[in-house]
Every structure is written in structure tokens, then in C-alpha cells.
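Step one of this worksheet: look at the structure below.
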Amino acid sequence: MSPDAGEVVRCEAVAMSFGNVRALAGIDFHVDAGECVGLVGHNGAGKSTLMHILAGTLPPTCGGIAVGGTAQPAYGVAAAHRLGIRCVFQELSLCPNLTVAENARVFHRTLRGFGWRRRAGALILKQLDTIFPDHKIQPGATVSDLSIGRRQMVEVARAFTVTDAPLRLVILDEPTSSLDAHTAGQLLSFVRRFVAGGGSCILISHLLNEILHHCDRVVVLRDGRIVAADQARAFTRDRLVAAMGAEAATARPTRVKVRQAGEIRVLARAEKNDGAKPVTARAGEIIGLAGLAGHGQTKFLLDVFAASEHPADGLKVTAPVALVAGDRQSDGVFPFWSIAENIGIRSLNRLKRGIFLSPEMEAEHAESWRRRIGIRAQDVHANILWLSGGNQQKVLFARALGSDAAIVLMDDPMRGVDVATKLEVYDMIHAEAAKGRTFIWYTTELEELGHCDHVYVFRNGRIVADLHHDELSEEKVIQSSFQEQRPA
Ligand SMILES: Nc1ncnc2c1ncn2[C@@H]1O[C@H](COP(=O)(O)OP(=O)(O)OP(=O)(O)O)[C@@H](O)[C@H]1O
């Protein structure tokens with residue numbers, strides 16, 4: 001490897017296999033100082049694996065890594081940190097039982113001695129203020145009490161904090177997947193400021209507009225190989241999608257036929273005794289929940305879910321419910337179970353022979369969904385954690401859609417799902433709604449609201465707008481997200 005002054009990191013012929021799964025098939029990849037490189041590819045293409053190798057958390061099966069032009073034969077987490085390479089992983093890595101400040105301290109071992117907690121708090125707060133000026137996160141807050149969006153903000157801010165070690169490259173693996181459009185915009189403009197100041201970033205995202213508008217160069221991975229690499233301005237969305245191998249992934253019209261009122265009614269209030277309008281969802285309706293992240297949408301979904309089991313004040317649910325969790329790490333995936341068990345858990349009654357669960361029926365059920373929703377796994381008996389993040393999310397869809405639930409609650413469910421799969425899932429949602437299934441869908445991706453019959457916008461736990469499909473626009477949703485509710 002020849003030294004290059006402007007080069008931050010380079011890997012040559014890097015390959016990685018997990019058993020007989022080849023995640024990377026020999027990759028040459030580099031990042032220069034002062035550039036943001038976008039990395040895209042289908043679910044399971046190998047993006048996170050490459051990032052783990054660059055962050056030193058996974059040693060490659062073969063190939064070499066050089067930092068600043070110097071080969072690093074003994075590369076690992078400590079070396080990466082010392083050399084200024086940080087990573088914000090897709091599955092967040094904060095310690096949930098520690099505070100925000102304590103999590104910052106874990107990263108910076110020099111923060112010790114008298115007053116370390118205050119100094120760690122000040123450090124992370126300064127970075128949060130810089131990246132997300134209106135974050136409202138307290139350094140003393142326990143991480144498990146924060147919403148997934150706020151945890152993502154802390155994780156991002158922590159990666160950019162500096163004490164004694166240098167900071168040269170920050171790898172961001174789907175950093176906006178749990179952020180609303182406003183907060184995602186703040187992060188992406190900060191990334192541009194960071195690279196303008198000479199820092200470097202790798203940005204992984206399934207939101208291709210983020211890649212096209214905020215990266216200097218784009219690299220496309222497909223089945224563990226680089227299939228395209230060029231300046232961002234040389235790509236169009238269609239060229240990116242085609243390079244990813246998703247021929248069918250052209251945008252389709254999102255207009256949905258507004259259906260007649262049916263017999264299933266979900267009647268709920270966003271917050272008890274607050275005078276807000278009730279949410280009504282009828283059979284076959286696709287209802288959107290919007291607004292800035294953390295303004296009560298997830299709580300509302302969880303309240304509906306709980307009310308389907310136990311009657312609750314002001315909340316009436318008259319049909320079986322399934323939930324697609326957005327925070328798969330804490331609420332969705334059973335980590336010690338196989339893919340088949342994770343898919344079948346919501347359908348146990350239908351997978352029994354006599355009184356016992358039939359492993360064959362469970363495997364058949366999972367196999368049919370593996371094919372239908374394109375879960376990239378060699379075997380449904382494999383542990384779910386062997387799947388890439390997006391493929392784990394597909395398992396959660398399969399669990400809900402394959403169940404008998406008449407109402408499917410979706411908590412920002414497309415986190416980490418690739419473009420082609422998203423379009424397939426949208427089609428499935430429309431087909432299922434046409435058959436009478438009801439969807440209540442919280443999304444941080446504004447364009448997904450176009451699939452909904454109508455949309456409730458949340459602010460501070462209350463519904464501040466009820467927008468019908470025909471009057472829906474991004475501006476109206478954003479405007480309502482920032483407006484306080486008028487007195488009823
Ligand atoms: N710990 C593991 N054990 C077994 N297989 C793994 C493991 N981690 C990743 N893989 C496999 O390696 C391949 C690449 O996965 P990777 O997570 O790098 O994909 P990705 O491009 O990041 O996908 P996504 O967009 O879904 O996050 C996949 O086939 C995945 O199943």
C-alpha cells in the first residue's frame with residue numbers, strides 16, 4: 001500500500017465470511033480527508049460488515065487496512081480509536097442503564113478524577129447543542145428512558161466528541177433511521193460542516209436522497225462486492241437503484257383509494273382527558289401517524305396494543321392486533337431464537353398439531369414468508385442475529401403480516417429496510433388493506449404518508465391535525481408538527 005497524504009483509510013482486498021456466508025468478497029475501498037462517502041446496497045449487501053472492519057470491531061478473514069497511508073497489521077478497536085476512527089452502529093451501542101454523561105465517559109477514559117461526571121456531561125451537551133440545537137436531552141437522563149430517536153442523537157453526538165484522541169473519520173451506519181425529517185436535516189448539515197472542516201464521514205443510508213444530496217462520492221455494494229463507485233453528482237436515483245440490483249424498485253404512485261367505512265373501529269385518544277379528537281380507524285383503512293419523533297406516536301401505538309388485551313379508559317379496540325416494533329433491538333427481536341421462531345411467535349395457534357406446536361408447520365410458515373418478503377437467509381432455523389439489520393426488520397413484518405391480526409400497528413417500521421423491499425412491503429400493505437386489514441402506521445419518512453388514507457399529526461402527545469389523503473402535503477405535515485393545538 002503506497003502512502004497517500006490525503007487518505008484517511010484504505011482497505012485492500014478485504015474479505016469476510018461468517019461460516020459459509022460470504023459477506024464481503026474482496027473489497028478495495030478508501031476515504032480521503034474532507035470527504036463524505038456514501039455507501040449503499042440492498043439488505044445483506046455487506047455494508048455493516050465493512051464498517052465493523054473499518055471500526056476495528058471485526059477482523060477481516062483476509063485483506064489489509066491502512067490508516068493515513070500506514071499499514072495496520074494489528075488493527076482493532078483500540079487502534080481505530082487511537083487513530084481517530086469512530087463508528088455509530090446501526091444497532092445502538094449505548095449502555096441503557098447508564099446516564100447520557102456516563103455513556104460519554106465510557107468513550108473517553110481520560111475523563112476521570114474529581115468532577116468527571118460534570119465534565120462528561122458538559123462535553124456531550126456541547127456536541128448535542130452543536131448538532132441538534134433543540135434536542136432537549138439532559139446529560140443526567142438514563143439512556144433507557146430516552147426514545148430510540150433521542151438515543152440515536154446521543155450516539156451520534158458522542159461519536160463527534162473529542163478529548164485526547166484525534167477525530168478523523170466518523171462512520172454513520174443509518175444514522176437518521178429513527179430521526180424525524182427536521183432532526184435528520186440538522187445532522188446532515190452538521191456532516192457537511194464537519195467535512196468542510198477537513199473531517200471525513202462514511203454515510204450508510206437506504207434513503208437515497210440523503211446520499212445523493214449530502215455525499216461527495218458514492219460506493220454501491222451488491223452481494224459483498226463493489227459494483228459502482230463515482231462522484232455523487234454523477235449518480236441519479238435510478239442509476240443508484242439499478243446498480244443495487246433492484247430493477248423493480250422504481251417509485252410507484254402512492255395514491256390509495258379511500259375505502260368505505262367498515263365494521264372494525266379503533267377508537268382512541270392520544271392523551272386522556274385532553275380534549276383531543278379521537279382517532280378512528282376503520283376496516284381496510286391505512287392510518288398515518290406523523291409529527292416530530294417522540295411526540296406521542298409510539299406511546300399511542302403501545303396504548304392501542306395494550307387496549308387490545310385489557311380494556312382501557314377511552315380506548316376501544318375490537319379486533320386482534322399485531323405490532324411491528326421500530327426499536328427491534330429492545331422490543332422486536334427475540335435474540336436467542338431462530339428466524340422461524342421469531343416469525344411464528346404471533347401465530348402459535350395456527351401452527352399446532354393437536355395441543356403441541358409443530359416445528360414443521362412453524363418452519364413451513366417461516367419459509368413461505370422468507371420467500372415472499374425476500375429475507376436473505378440460507379435457512380430459517382438460523383439464529384435471527386445472523387441476519388443483517390434490514391433482514392431482521394423483514395422478520396418483524398413477516399411476524400405481523402403472517403398473523404391473524406386485523407389491525408397492524410407499525411412503529412416507524414421501515415428502519416433499515418432497502419428500497420426494493422420497501423416497495424414490496426408497500427404493495428403488501430395496500431393488498432392487505434384492500435382485503436379489510438387496518439394499518440396504523442407511524443413513520444418518520446414523510447413520503448410514506450402518501451400511502452395513507454388520512455394522517456394524524458402529533459405534537460406534545462396530542463393530535464394537532466387530521467389530514468385527509470387529498471389535502472396531504474409535506475409542508476402541511478411539517479407546519480402542523482410545529483404548531484400547538486388550538487383549544488377545542
Ligand atoms: N454475525 C453474523 N453471523 C452470521 N452472518 C452474518 C453475521 N453478520 C452479518 N452476517 C451476514 O453477512 C451478510 C452481510 O450482512 P451486513 O449486515 O453487512 O449487511 P448490510 O448491507 O449492512 O445489510 P442491512 O442494509 O440490512 O443493514 C448477510 O448475509 C448477513 O446475514
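Counted within 6.0 Å of CZ on Arg233, heavy atoms from surrounding residues, nucleotides or ligands total 12 or fewer; the atom is thus considered open. Within 6.0 Å of CH2 in Trp116 there are more than 12 heavy atoms belonging to other residues, nucleotides or ligands. Crowding of Glu432 atom CD: a count of heavy atoms from other residues, nucleotides or ligands under 6.0 Å exceeding 12.
By the 4.5 Å heavy-atom criterion applied to side chains, Met153 and Ile131 are not counted as neighbours. Here the side chains of Leu302 and Leu323 are in contact, with some heavy-atom distance below 4.5 Å. Using a 4.5 Å cut-off on side-chain heavy atoms (C-beta onward), Leu188 and His213 make no contact. In this structure, the side chains of Phe132 and His182 stay at 4.5 Å or more apart for every pair of heavy atoms. Between Cys201 and Leu172, the closest side-chain pair of non-hydrogen atoms falls below 4.5 Å. Considering only heavy atoms from C-beta on, Phe235 stays 4.5 Å or farther from Val40 through its side chain. Counting only heavy atoms from C-beta outward, the side chains of Leu39 and Ile171 never approach each other to under 4.5 Å. By the 4.5 Å heavy-atom criterion applied to side chains, Pro175 and Leu203 are counted as neighbours.
Of the possible donor and acceptor atoms, none in the side chain of Gln297 sits under 3.5 Å from a partner among the backbone N and O of Leu289. Under the 3.5 Å distance criterion, the side-chain polar atoms of Ser200 are matched with a main-chain donor or acceptor of Gly34. At least one donor-acceptor pair under 3.5 Å links the side chain of Thr438 to the backbone N or O of Arg282. Remark: the backbone N or O of Ser48 is not paired with any side-chain donor or acceptor of Asp173 at under 3.5 angstrom. The main-chain N or O of Asn209 is never found under 3.5 Å from a side-chain atom of Arg237 such that the two would form a donor-acceptor pair. Remark: side-chain polar atoms of Thr57 are paired, donor with acceptor, to backbone N or O of His52 under 3.5 angstrom. Checked by atom type and distance alone, the side chain of Gln72 pairs as donor or acceptor with a backbone atom of Thr70 at under 3.5 Å. In terms of modelled atom types and a separation under 3.5 Å, the side chain of Lys47 and the main chain of His42 share a donor-acceptor contact. A donor-acceptor pair under 3.5 Å links the side-chain atoms of Arg158 to the main chain of Asn103, judged by distance alone. Although no hydrogens or angles enter the test, the distance criterion places no donor-acceptor pair under 3.5 Å between the side chain of Thr142 and the main chain of Asp145.
Distance check, rounded to the nearest 0.5 Å: OG of Ser144 to CG of Leu94 gives 11.0 Å. Going from atom CZ of Phe458 over to atom OG1 of Thr298 covers 9.5 Å, rounded to the nearest 0.5 Å. Within the model, atoms CZ of Arg217 and CD1 of Ile202 stand 9.0 Å from one another, a figure rounded to the nearest 0.5 Å.
Partner Thr444 forms a side-chain hydrogen bond (donor to acceptor under 3.5 Å, both in side chains) with one of Asp412, Thr183, Asp180 and no other, that one being Asp412. For the side-chain contact (heavy atoms from CB on, under 4.5 Å) criterion with Cys11, the lone passing option out of Val67, Leu24, Leu54 is Leu54.
Closest approach of His454 and Asp466 over heavy atoms only: ND1-OD1, 2.9 Å. Of all heavy-atom pairs spanning Ser177 and Glu174, the tightest one is OG-O, 3.1 Å. Between Val417 and Gln393, the closest heavy-atom pair is CG2-CG, 3.7 Å. Scanning both residues, Leu179 and Ala184, for their nearest heavy atoms gives CB-N, 4.0 Å. When all heavy atoms of Ala79 and Ala74 are compared, the closest pair comes out as CB-O, 4.3 Å. What you find for Val324 and Ala400 is that their closest heavy atoms are CG2-CB, 3.5 Å.
Every residue meeting the side chain to side chain donor-acceptor pair (under 3.5 Å) condition with Asn391, not counting sequence neighbours, appears here in chain and number order: Ser388, Lys394.
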*How far apart are the C-alpha atoms of Ile53 and Phe29, what are their side-chain angles, what is the distance that settles it, and do they pass the side chain to side chain contact (heavy atoms under 4.5 Å, CB included) test?*
CA-CA 12 Å; Ile53 290 170; Phe29 177 84; over 6 Å; no
*Leu207/Ser205 under side chain to side chain contact (heavy atoms under 4.5 Å, CB included): CA gap, chis, key distance, verdict*: CA-CA 5 Å; Leu207 302 175; Ser205 179; 3.5 Å; yes
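Between Lys299 and Asp411 no salt bridge is recorded (no basic side-chain N to carboxylate O distance below 4.0 Å).
The distance between the ring centers of Phe160 and Phe190 falls below 6.0 angstrom.
Using modelled atom types, one finds no donor on one side chain facing an acceptor on the other under 3.5 Å when comparing Asn342 with Gln392.
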